[in-house]
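One structure is given here, and the rest of the page talks about it.
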Amino acid sequence: MSNKPATLFDKVWDSHVVRKIEDGPDVFFIDRHFIHEVTSPVAFLGMENRGLKVMFPEKTFATADHNTPTINQHLPVQDPLSANQLKALETNSNKYGISHWGLGNPKNGIVHVVGPENGITLPGMTIVCGDSHTSTHGAFGAIAFGIGTSEVEMVLTSQCIMQPKPKKMRINVTGKLGKGITPKDVTLYIISRLTAAGATGYFVEYAGDVFENMSMEGRMTVCNMSIEMGARGGIIAPDETTYNYIKGREKAPKGAAWDTALAYWKTLRTDEGATFDKEYTFDAADIEPMITYGTNPGMGMGITKHIPSALAGDSKSSYEKSLQYMGFHEEEAMLGKKVDYVFIGSCTNGRIEDFRAFASIVKGRKKADHVTAWIVPGSHIVEQQIKEEGILDILTEAGFQLRQPGCSACLAMNDDKVPAGKYAVSTSNRNFEGRQGPGSRTMLASPLVAAAAAVTGVVTDPRELIA
Amino acid sequence: MAYDKFTILRSTAVPMPIENVDTDQIIPARFLKATERTGFGDNLFRDWRYETDGTPKKDFVLNNPIYSGKILVAGKNFGSGSSREHAAWAIYDYGFRCVVSSFFADIFKNNSLNIGILPVQVSPEFLDKIFTAIESDPKAEVEINLEAQTITIPATGESESFAINSYKKHNMMNGYDDIDYLQAMKDEITTFAGKSLY
């Protein structure tokens, strides 16, 4: 290693390159690999067709999440195709000695929730999963990103993938966030400024006091959404907040191993003078509660604003197609629009802090009669916290029902589907056409905006409901 | 998975001048439930292609018999969103071997190259020229020469070069994949793993 100032990203990336190929990708070593039921079966099949085996089973962790039901998880899964995928995950994991947290396991939950909460995700690691929101784990100062099934097969069989090194971007957000402004608003704001493809080809480091003052849950929300502006991933330098979160978790290093790890983690910072290919700086004071009005996450705006008449960089026809799908018009206000469904959960906003935020608004209020709400914890551990902290009582009192963990309505692979034409305020990550069910119309927002919509039945500025 | 070698592809093309085509449009999540890699082409662009009762939507380009071919030409930021390789499988299974756009999402581009679909990134101006050529004659062909790294509209003679790294180019031209490469360097990987903190 040279003494040239390096970015956090460079430090982690360069230390994981097994071989550099001239005018080609790097052979990139993977420390932790997560698998789930949807994108892994074909990888195992491909591996077996080649007569290969799993090279390091102890570096791969399996959890069922994408198509699991969120009620009656003790009963057999009714959809035969989903049941078949869940069975394949279990069979493959058992066959090759991979830890498997299937349905009913107390550690089961969404892959990007259970990895961190069990101490599997650590600073300086390289982490991949056949899921684009693997970027979540970057909150710990890890390089984490989503891969395709061919690459899942590569990791299983060689613990490596072939990756060209992305370019580097730094996004600074400085200042103090206003009342009712959450990490989700910060990320939706950034994406609205950069567009849904604005960071394609880059790996993003988030810096500045807004992120330094953010909880790990909040940092995970921000890194999670990095892919929604096209970035492969996001990364935040580990600090005391990170170490405190990790310490004592089941698979976190202990004793002398902790000290060794901590000494290494403290080197994981961008050096003074290190350069980025692109850099943006935003002022926290400009960020309002955000909501999306279109069909990609770049189509977001401050909740009190009006829908713009065009989107920089997109053609008029694509923009109009998007608004037409949503049933919205240029220059309209979003406040007051009727909401049929509310979803809180997902790898973006399915952690305890998100449910605390949701509860802070619904406490002492009632769910609007016409709203169907899906309250879905990211894991059984989160579910347990919801119960222990009294949040469940607040939810029940307000007319909400708590469901069981899973990806749920974020991508509607299970029964949690928003019907055609209906409007959902969702704390998830994508507002693509049909994402939450064929014909569904999604407005992405924070847990506070979701809660405000759930109790008023319309798009509402949550700041009006905060005491 | 081994795939067909890619050298020169000359074909008519299917125009889809829509921007930000995401992977949920290419293959909706509810069709990701197979445990094998077959049959995804039937559900390619499912919700744009069919009504909920399965009737083909007449105004969607894949249902218009005047357009066909092995090349899909699409607006910028094609393949954004999910990492699902099923999106690339669906495009391949349907019969496309090449997608042309002025901008691709990263993961989709990687997935395509890994299964034998060539993503060809052209300038916005050249993309418009292709759309114009197909609009004036749906039977207009497009030729992609991987060796020369050129894309040409034979009817007008217009041509542009495209980028691809020489490693991937070699793989595509020979039908090799990364797993072959990685298997050949397992000792090196084992040594590397032995020095890893994690």
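The sequence lines fix the lettering, A, B, ..., with proteins before strands; numbering per chain opens at 1. No hydrogens, no waters, no symmetry mates; every other heavy atom, side chains included, goes into these values.
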Would you say [atom1] of [X] has more than 12 non-hydrogen atoms from neighbouring residues, nucleotides or ligands within 6.0 angstrom?
{"X": "Lys165(A)", "atom1": "NZ", "result": "yes"}
{"X": "Lys57(B)", "atom1": "NZ", "result": "yes"}
{"X": "Glu188(B)", "atom1": "CD", "result": "yes"}
{"X": "Lys70(B)", "atom1": "NZ", "result": "no"}
{"X": "Lys58(B)", "atom1": "NZ", "result": "no"}
{"X": "Glu48(A)", "atom1": "CD", "result": "yes"}

[X] versus chain B, the contacting section by heavy-atom distance below 4.5 Å:
{"X": "Val155(A)", "answer": "neither"}
{"X": "Tyr264(A)", "answer": "side chain"}
{"X": "Ala88(A)", "answer": "side chain"}
{"X": "Met47(A)", "answer": "neither"}
{"X": "Val18(A)", "answer": "both"}
{"X": "Tyr319(A)", "answer": "neither"}
{"X": "Asp79(A)", "answer": "side chain"}
{"X": "Glu22(A)", "answer": "backbone"}
{"X": "Ile147(A)", "answer": "backbone"}

Locate the shortest heavy-atom distance separating [X] from [Y]; write the atom from each residue and the value.
{"X": "Ser82(B)", "Y": "Ser132(A)", "value": "CA-OG, 3.7 Å"}
{"X": "Gly24(A)", "Y": "Tyr167(B)", "value": "CA-CB, 3.8 Å"}
{"X": "Ile107(B)", "Y": "Gly146(A)", "value": "CD1-O, 3.7 Å"}
{"X": "Thr35(B)", "Y": "Leu45(A)", "value": "O-CD2, 3.8 Å"}
{"X": "His86(B)", "Y": "Val38(A)", "value": "NE2-O, 3.7 Å"}
{"X": "Gln183(B)", "Y": "Leu52(A)", "value": "OE1-CD2, 3.5 Å"}

Requested in this report: Decide yes or no for Leu182(B) and Gln159(A): does some side-chain heavy atom of the first lie under 4.5 Å from some side-chain heavy atom of the second?
Outcome: no
Query - Side-chain heavy atoms of Glu151(A) within contact of Asp178(B), under 4.5 Å - result: no
[Y] versus [X], side-chain donor and acceptor atoms under 3.5 Å:
{"X": "Asp22(B)", "Y": "Asn296(A)", "result": "no"}
{"X": "Lys186(B)", "Y": "Ser158(A)", "result": "no"}
{"X": "Ser150(A)", "Y": "Glu85(B)", "result": "yes"}
{"X": "Asp23(A)", "Y": "Ser166(B)", "result": "yes"}

Chain B contacts, top residue of [options] (heavy-atom pairs, under 4.5 Å):
{"options": "Thr157(A), Leu411(A), Thr260(A)", "result": "Thr157(A)"}
{"options": "Leu81(A), Thr195(A), Asn429(A), Thr39(A)", "result": "Leu81(A)"}
{"options": "Gly230(A), Gly434(A), Gly201(A)", "result": "Gly201(A)"}
{"options": "Ser315(A), Ala420(A), Gly130(A)", "result": "Ser315(A)"}
{"options": "His16(A), Glu228(A), Met55(A), Arg19(A)", "result": "Arg19(A)"}

Nearest 0.5 Å please: distance from the [atom1] atom of [X] over to the [atom2] atom of [Y].
{"X": "Ile179(B)", "Y": "Cys160(A)", "atom1": "CD1", "atom2": "SG", "result": "12.0 Å"}
{"X": "Met299(A)", "Y": "Asn20(B)", "atom1": "CE", "atom2": "CG", "result": "8.5 Å"}
{"X": "Asn114(B)", "Y": "Ile161(A)", "atom1": "CG", "atom2": "CD1", "result": "9.5 Å"}

Query raised in the report: Between Asp47(B) and Arg435(A), is the closest basic N to carboxylate O distance under 4.0 Å?
Result: no
Query raised in the report: Under 4.0 Å between a Lys/Arg side-chain N and an Asp/Glu carboxylate O for Asp177(B) and Arg50(A)?
Result: yes
Closer than 3.5 angstrom, by distance alone: can the side chain of [X] be matched with the main-chain N or O of [Y] as a donor-acceptor pair?
{"X": "Glu36(B)", "Y": "Val42(A)", "value": "no"}
{"X": "Lys33(B)", "Y": "Met413(A)", "value": "yes"}
{"X": "Lys59(A)", "Y": "Tyr198(B)", "value": "yes"}
{"X": "Glu433(A)", "Y": "Gln25(B)", "value": "no"}
{"X": "Arg232(A)", "Y": "Asp106(B)", "value": "no"}
{"X": "Arg37(B)", "Y": "Ala43(A)", "value": "no"}

Query raised in the report: After noting the C-alpha distance and the side-chain angles of Thr149(A) and Trp89(B), does the key distance pass the side-chain contact (heavy atoms from CB on, under 4.5 Å) rule?
Result: CA-CA 10 Å; Thr149(A) 296; Trp89(B) 298 341; 3.7 Å; yes
Report task. Output, in order, the C-alpha distance, side-chain angles, deciding distance and verdict of salt bridge (Lys or Arg N to Asp or Glu O under 4.0 Å) for Asp314(A) and Lys76(B). Result -> CA-CA 9 Å; Asp314(A) 276 5; Lys76(B) 76 172 167 66; 2.7 Å; yes
Go through [options] and name the one with the most non-hydrogen pairs under 4.5 angstrom from chain A.
{"options": "Gly81(B), Ser80(B), Pro28(B), Ala87(B)", "value": "Gly81(B)"}
{"options": "Ile189(B), Leu197(B), Asn111(B)", "value": "Ile189(B)"}
{"options": "Arg30(B), Arg46(B), Lys195(B), Glu19(B)", "value": "Glu19(B)"}
{"options": "Ala88(B), Ser83(B), Ala105(B), Ala34(B)", "value": "Ser83(B)"}

Chain A contact via [X] - side chain, backbone, both or neither, heavy atoms under 4.5 Å:
{"X": "Phe103(B)", "answer": "side chain"}
{"X": "Thr190(B)", "answer": "both"}
{"X": "Leu32(B)", "answer": "both"}
{"X": "Tyr181(B)", "answer": "side chain"}

